[in-house]
Structure formats: C-alpha cells, structure tokens
Amino acid sequence: MALALSTMEQAFWHQCWQQQQLGFQLAEPHPLLQAHLAEVLASKAGALNSIVLPLCGKSPDLMFCRQFLPVTGFELSPIACHDFFSEQGLGVTVDRSPTAAPDFVHYQSSDIVLWQGDFFQVPAALIKRSVLLYDRAALIALPAPMRRAYADKLKQWLALGASLLLISLEYPEAERQGPPFAVLPDELAQLFSGYQLTLLQSQDITGQGFGRRRLATSQLWEKIWLIE
C-alpha cells in the first residue's frame with residue numbers, strides 16, 4: 001500500500017501556507033537550476049517532453065522551467081496553487097474532479113499544470129514517460145522515514161526512463177534539527193540504489209542562509225545531482 005500523509009502531517013504543511021511561514025521560498029529561480037537545466041536537457045537530445053516538480057509550492061522555478069518544456073507540478077496546498085497563478089498573472093482553469101485523479105484538483109494554464117493533493121497518492125495515470133523530475137526543496141523538507149517513501153515514489157518515474165535533477169543540502173547534523181534536513185551523499189546513494197548519481201556542482205552557502213532562513217551552522221553546502 002502506498003504511503004499517504006497523515007492528517008497531522010497535512011495539517012502542518014497547510015498551516016505553513018495559511019500563516020505564510022515560507023522560509024523555503026525563493027524570490028528568483030534557483031541559481032543551480034539556472035546553471036544546469038539547459039545542459040541537462042541538451043544532453044538528452046530532445047528525448048524529454050516535460051518537467052515534473054514534486055512538492056513545488058509556488059516556486060519561481062516553475063516559470064523558469066516553462067521556458068524549456070511544459071511543466072507539471074504536484075502540491076499539497078490549495079493556497080500555494082492559487083497564489084502561484086495569481087502572482088504570475090496566468091490565466092487558469094480549475095477542475096475539482098478530474099477523471100485521471102479524482103482525489104486531486106487540476107489547475108491548467110497554457111503550459112503549466114498543477115495537481116493539488118497528496119503527492120504520495122499520485123495515481124499511475126499521472127506518472128508519465130520521458131520526463132525530467134526536478135527537486136529543489138522536497139526531499140530535504142522530509143524527515144528520514146518519509147524520505148525513503150518519497151524516493152520510492154520518484155522511482156516510479158525513474159523506472160519509466162525519467163531523469164532526476166535534485167538539489168541536496170549538507171551541514172553538520174549535530175548543529176541543528178531540520179527541516180530543512182541534511183541529506184548526505186551516502187543516504188542519496190541508498191535512497192536511489194541501482195541508479196547512477198552524478199554530482200554536477202557543489203556550492204558553499206555558509207553564512208548566506210537557505211531560502212529566507214539563516215541557518216546557524218558552521219558549514220552549509222548545496223549540491224545538485226543528476227540521477228538516472
């Protein structure tokens with residue numbers, strides 16, 4: 001049986017959006033995405049037809065990705081979905097009982113689709129071939145037990161030939177409690193056992209903070225990986 005977010009877990013994330021506790025939110029597309037997305041897509045020689053962003057919130061990365069391919073995002077919060085289209089000035093149609101995923105709400109603009117609901121319950125009908133998955137702050141937002149279930153969900157796309165562009169965060173774990181959580185290379189290798197992990201770039205952001213937060217750690221690194 002697929003994992004589903006508990007009522008308490010869903011309430012936590014809904015509360016973050018209701019109270020606008022958006023410390024993970026960036027004002028601009030992530031620099032590591034800007035640096036590597038075009039080259040990753042070029043290396044696939046046109047084999048990919050869309051970009052999928054799990055747990056996407058209202059990230060500006062959605063708008064950056066749409067410059068390259070149609071975009072699909074998955075997000076729990078209806079506030080995030082509404083605010084994204086409103087703040088970007090995009091026209092949108094909303095279907096509250098889509099045939100392909102009755103437990104989700106479907107938001108559609110010209111080249112961006114958001115599915116609002118529990119990502120862990122995404123049905124097989126929405127898991128497509130030939131996509132690039134992009135994760136900037138989803139894996140690192142989850143505690144260790146849920147990271148395993150989340151990676152297993154991503155592997156449903158990877159098993160169909162998808163590639164995954166993932167940004168991880170590293171800091172001395174004894175110095176703070178997440179979220180965001182430190183996810184080290186050994187854990188990534190375990191989560192995605194059987195797949196090739198290629199480190200594209202490491203970036204020292206010690207003292208610069210993460211999103212809107214300043215994390216009081218002696219070291220802070222972001223790393224972008226290609227997993228396929």
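- Residues that satisfy the side-chain contact (heavy atoms from CB on, under 4.5 Å) test with T93, not counting sequence neighbours, are Q108.
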Salt bridge (Lys or Arg N to Asp or Glu O under 4.0 Å) between R66 and D111, worked out: CA-CA 7 Å; R66 79 189 283 240; D111 51 9; 3.1 Å; yes

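- Contacts classified as salt bridge (charged side-chain N to carboxylate O under 4.0 Å, His left out) and involving residues 94-103 (residues at least two apart or in different chains) are not found.
- Of all non-hydrogen atoms in G91 and S109, the two that sit nearest each other are O-CB, 3.2 Å.
- In this structure, the side-chain contact (heavy atoms from CB on, under 4.5 Å) partners of R148, at least two apart in sequence or on a different chain, are D152, K155, Q190, L191.
- For A141 against P179, the heavy-atom pair with the smallest separation is O-CB, 3.8 Å.
- The pair E187-R147 counts as a salt bridge, with a side-chain nitrogen and a carboxylate oxygen less than 4.0 angstrom apart.
- Residues P29 and D61 approach most closely at CA-OD1, 3.1 Å, considering heavy atoms.
- Taking the side chain as every heavy atom from C-beta outward, L184 and E173 approach each other to under 4.5 Å.
- With sequence neighbours excluded, no residue forms a side-chain hydrogen bond (donor to acceptor under 3.5 Å, both in side chains) with Q34.
- Residue A100 comes nearest to P102 through the heavy atom pair C-CD, 3.9 Å, listed as atom of the first residue, atom of the second, then distance.
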Show every donor-acceptor pair shorter than 3.5 Å between a side-chain atom in residues 221-228 and any protein atom, with sequence neighbours excluded, or say none if there are none.
unit_1, atom_1, unit_2, atom_2, d
E222, OE1, H30, NE2, 3.1
E222, OE2, H30, NE2, 3.1
K223, NZ, E170, OE1, 3.3
K223, NZ, E170, OE2, 3.2
W225, NE1, S168, OG, 3.0
E228, OE1, K44, NZ, 2.3
E228, OE1, S163, OG, 2.9
E228, OE2, K44, NZ, 3.3

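- Taking A101 as the reference, F104, W115, P123, L126 meet the side-chain contact (heavy atoms from CB on, under 4.5 Å) condition, with sequence neighbours excluded.
- Here H82 pairs with nothing under the ring pair (Phe, Tyr, Trp, His ring centres under 6.0 Å) rule; sequence neighbours left out.
- Applying the ring-ring contact (aromatic ring centres under 6.0 Å, His included) definition to pairs two or more places apart or across chains, none involves residues 36-63.
- A 4.5 Å side-chain heavy-atom check between L197 and L166 finds every atom pair outside the cut-off.
- For an aromatic pair to be called close, the ring centres must be under 6.0 Å apart, and W157 with F119 satisfies this.
- The CG atom of D135 sits 6.5 Å away from the CG atom of L164 when rounded to the nearest 0.5 Å.
- Among residues two or more places apart in sequence or in another chain, the ring pair (Phe, Tyr, Trp, His ring centres under 6.0 Å) test is passed with F192 by none.
- Of all heavy-atom pairs spanning K58 and A80, the tightest one is CB-O, 3.7 Å.
- Every residue meeting the side-chain hydrogen bond (donor to acceptor under 3.5 Å, both in side chains) condition with T206, not counting sequence neighbours, appears here in chain and number order: D204.
- Taking both residues in full, the closest heavy atoms of F181 and Y171 are given as CA-OH, 3.5 Å, listed atom of the first, atom of the second, then distance.
- For N49, the side-chain hydrogen bond (donor to acceptor under 3.5 Å, both in side chains) criterion is met by no residue, not counting sequence neighbours.
- For residues 29-42, there are no salt bridge (charged side-chain N to carboxylate O under 4.0 Å, His left out) pairs, not counting sequence neighbours.
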